[in-house]
Protein chains: 2
Amino acid sequence: MDELNERKQNILYAVIKYYLETGEPVGSRTISKITDLNLSSATIRNEMSDLEDLGYVVSPHTSAGRVPTDKGYRFYVDKLMAEKDKEVSEVKEVMLNQTERVEKVFKQLVSYVANATQLPTMISAPSITKNRVKFIQLSYVDDKNVLLVVVMEGNVVRNRVVPKSSALDNEAMLRLNMLLNTHLNGLTLQEINLGLVSKIKDAAGEFTNIVEEVLNTIADTISEDDLEIYTSGATNIFKYPELSDSRRASAFLDNFEDKEDLADLINEVQIDSEKRGTGLQVYIGDEAPSKNLKDCSLVTATYDLGNGVKGTIGIIGPKRMDYENVMTNLSNLKSQLENTLKRSDDNEPI
Amino acid sequence: MDELNERKQNILYAVIKYYLETGEPVGSRTISKITDLNLSSATIRNEMSDLEDLGYVVSPHTSAGRVPTDKGYRFYVDKLMAEKDKEVSEVKEVMLNQTERVEKVFKQLVSYVANATQLPTMISAPSITKNRVKFIQLSYVDDKNVLLVVVMEGNVVRNRVVPKSSALDNEAMLRLNMLLNTHLNGLTLQEINLGLVSKIKDAAGEFTNIVEEVLNTIADTISEDDLEIYTSGATNIFKYPELSDSRRASAFLDNFEDKEDLADLINEVQIDSEKRGTGLQVYIGDEAPSKNLKDCSLVTATYDLGNGVKGTIGIIGPKRMDYENVMTNLSNLKSQLENTLKRSDDNEPI
DNA sequence: ATTAGCACTCCAAATGAATGAGTGCTAACA
DNA sequence: TGTTAGCACTCATTCATTTGGAGTGCTAAT
């Protein structure tokens, strides 16, 4: 903490701030000019040399300016940024229209964020494995199939057409619906264990095999795309020359296109967030829980709808991204999401 | 047609074939060596000069080899390719698992095709506006909402939580379900016109306003994401140096990420396909019905499930893509899709 | 403690020569 | 008449060289 005196902090701040804008190594003369410290370039040079020894900056080669290291960025995010720039950026209210399908809401949302930050953005819909079953319904579709609809808390709806092996008249269907609802309502997927399953099958009597099919389908349906990921703004990385050469860009976009990889990433971020008890997190370079983000930073906001139902918004960009802007945006979004989606749960009678 | 004698055609074929592989302008000496025409480079030079005059090839600068023009490609696709290479490439049976949700099937499919062709691929789920309503169901969710489920032909399911303004007991719900199903089953969205709507509202009696909400929602639900587009393999363009500089790549990926643009494109392709009565289409460069594909070719297969229900698979790549491989792949996919999805409709009793 | 001054380093952009692939043309040949 | 060998010419690419400038580190003066 005392490692850096005020002047060094000021200089480090100026270096990073300037570098964030330009992406070019910044030299002593520049700092001397842009700050109002009234120090000559020579003095700055001495200080910067110290900062380099302490590991906050490096110069890419002998006669270049200095570039922040991960440690430098970390210090900036943790200390400098918070202290200096507490000017509250205007909070834009995002239109969260809950009457739309969830899917569509998230599509709009992710594209809004990508646009606001001008960075590649991903967002995970709330993981529904921890979400509770609100309502289950089987209905007649045609002779060979029944339609299974499962409504989860937060009005997430999943449906599937299930082929039926045996005949099933209306009354039987009614009974099955009753059976399923009385046993499963209010439970999370994790709570639907083998014991319960066999109990339901017993109770189903002659319909034991159709119930089995239905239960399998429920498990499938709920878990199959647990962690649905939406992305947008991938091409924003081309705004940063340091990431746009074709090798790097291709590698990055490959990752960004692979929803499964992103889901893994988000999973780890959520675990992390739980551990640290923070909603907003910044991963600089190697800090990110993923292999291929060496040259990038990741900023995430994990929103929490209670009952362990969580989702994450993530932004990936160059290390020299505008952390402040990104962080205010995300934290803003996070609280709005929590408010809106929680409010929609207040409606429910359960 | 007589414009090109056999020898010229052979040479043009060799030029294009070679260029498809290398992406480099190809010179007379190369052609002289790789063909078994036993012609000296000088002769080839003369012929190539003629081909250039006729507009089938150009040389990018004075001392470079020749590169096919759009006209050259067109001739290749229409004439040369068909004649020469009718070796049937092995037809791989793609796993089309219809028990999965449609959504997931298409996701798998598009990624399969992208992988098989090593090109950016998009696919549109069958447009459901022309699809028929099979089954409608309202059910109780909680005090303030009802759940609306619409099953279309081909077992495409759409659902939505509809806020209800007035109380609605079980019996009323039953009556509404009857009413909606008797009036709407078997109709396409286009056939649900204003006259019909007011007729239903009349018949609904006291529930006229909830019926209105429901009907609006149906219209919305069906049309909102008409033409859902799935994409995959976007980063494959980086395999082609001529498209991987950051300006071009960025522009391309921007387009490819924008699902609305792609939907427009697919729409026009489908119209086109109808006009020409072909399922498989090749657009070379400017031929494509879109602004930003100047440097690319687009190959599409429009599958037709009957009753005007159509969808399109599209592949976008450099002009020098492997047309044969791509076209056999698509035509293969097309027929399998048609078979599988049609088969699933045979199940239905309507 | 700060600063001016200077030598030194190294990148980046500019210049220019060498290389080589390819063409067009002409003249010779079958 | 069609084909080919030969030659002069063009132009992109590559590589080494030069040059300019930005920046540093060090030293000596304030």
Side-chain angles (χ1 to χ4, degrees), chain A residues 4-12 14-19 21-69 72 241-242 244-245, chain B residues 2 4-12 14-19 21-69 72 241-242 244-246:
Chain A
L4 297 187
N5 62 30
E6 179 131 2
R7 194 168 73 178
K8 282 200 172 55
Q9 292 195 19
N10 281 329
I11 291 173
L12 179 56
V15 168
I16 296 184
K17 199 82 186 179
Y18 193 79
Y19 182 75
E21 282 170 33
T22 62
E24 301 285 312
V26 10
S28 53
R29 189 123 186 289
T30 314
I31 297 297
S32 156
K33 270 191 277 183
I34 64 169
T35 61
D36 45 7
L37 297 173
N38 281 318
L39 293 174
S40 77
S41 63
T43 312
I44 306 281
R45 261 199 300 283
N46 291 330
E47 294 289 43
M48 292 206 339
S49 175
D50 291 351
L51 285 172
E52 180 153 18
D53 291 341
L54 293 170
Y56 291 93
V57 293
V58 272
S59 66
H61 58 84
T62 326
S63 73
R66 301 309 210 290
V67 165
T69 60
E242 69 264 41
S244 357
D245 67 297
Chain B
D2 296 316
L4 297 187
N5 61 28
E6 178 132 1
R7 194 168 75 177
K8 283 201 173 52
Q9 291 195 19
N10 281 328
I11 292 173
L12 178 57
V15 168
I16 295 185
K17 199 79 187 182
Y18 194 79
Y19 182 75
E21 282 170 33
T22 64
E24 300 286 311
V26 10
S28 53
R29 188 121 186 291
T30 313
I31 296 296
S32 156
K33 270 191 277 181
I34 64 169
T35 62
D36 45 8
L37 297 171
N38 282 320
L39 293 174
S40 78
S41 63
T43 312
I44 306 281
R45 265 202 294 287
N46 291 330
E47 294 290 42
M48 293 205 340
S49 175
D50 292 352
L51 284 172
E52 179 152 18
D53 291 342
L54 294 169
Y56 292 93
V57 294
V58 272
S59 66
H61 58 83
T62 327
S63 74
R66 302 308 210 291
V67 165
T69 60
E242 68 265 40
S244 346
D245 67 296
S246 86

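Letters go in sequence order (proteins before strands), and every chain restarts at 1.
Note: CG (A:N46) to P (C:dT3) measures 10 Å, nearest angstrom. In this entry the distance linking CG of A:N38 with P of C:dA4 reads 12 Å, nearest Å. Rounding to whole angstrom units, CD of residue A:E47 and C1' of D:dT24 are separated by 15 Å. Following rounding to the nearest Å, A:L39 (CG) and C:dA1 (P) show an atom-to-atom distance of 14 Å. Rounding to whole angstrom units, CG of residue A:L37 and P of C:dT2 are separated by 11 Å. Between A:I44 atom CD1 and C:dT2 atom P there is a gap of 10 Å when expressed in whole angstrom units. Rounded to whole angstrom, the span from the CD1 atom of A:I11 across to the P atom of D:dT24 amounts to 12 Å. A:Y18 has its OH atom 12 Å from the P atom of D:dA22, to the nearest Å.
In terms of modelled atom types and a separation under 3.5 Å, the side chain of A:T43 and the main chain of A:L39 share no donor-acceptor contact. The closest donor-acceptor contact from the side chain of A:S32 to the backbone of A:S40 lies at 3.5 Å or more, if one exists at all.
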B:S244/B:E242 under side-chain contact (heavy atoms from CB on, under 4.5 Å): CA gap, chis, key distance, verdict:
CA-CA 6 Å; B:S244 346; B:E242 68 265 40; over 6 Å; no
List the atom pairs, donor and acceptor, that lie under 3.5 Å between side-chain atoms in residues 23-30 of chain B and the rest of the protein, sequence neighbours left out.
from	atom 1	to	atom 2	distance (Å)
B:S28	OG	B:R45	NH1	3.2

Show which side-chain atoms of residues 49-58 of chain B pair as donor or acceptor with protein atoms under 3.5 Å away, not counting sequence neighbours.
from	atom 1	to	atom 2	distance (Å)
B:D50	OD2	B:K8	NZ	3.3
B:E52	OE1	B:R66	NE	2.7
B:E52	OE1	B:R66	NH2	2.9
B:E52	OE2	B:S59	N	3.3
B:Y56	OH	B:E3	OE1	2.6

Please encode protein proximity along nucleotides 5-22 of chain C as a string of B, S and -, counting only heavy-atom distances under 4.0 Å.
B---BBS---------BB
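Of the side-chain N and O atoms in B:T43, one or more sit less than 4.0 angstrom from OP1 or OP2 of D:dT4.
Side chains of A:I11 and A:L37 form a contact here, defined as non-hydrogen atoms less than 4.5 Å apart.
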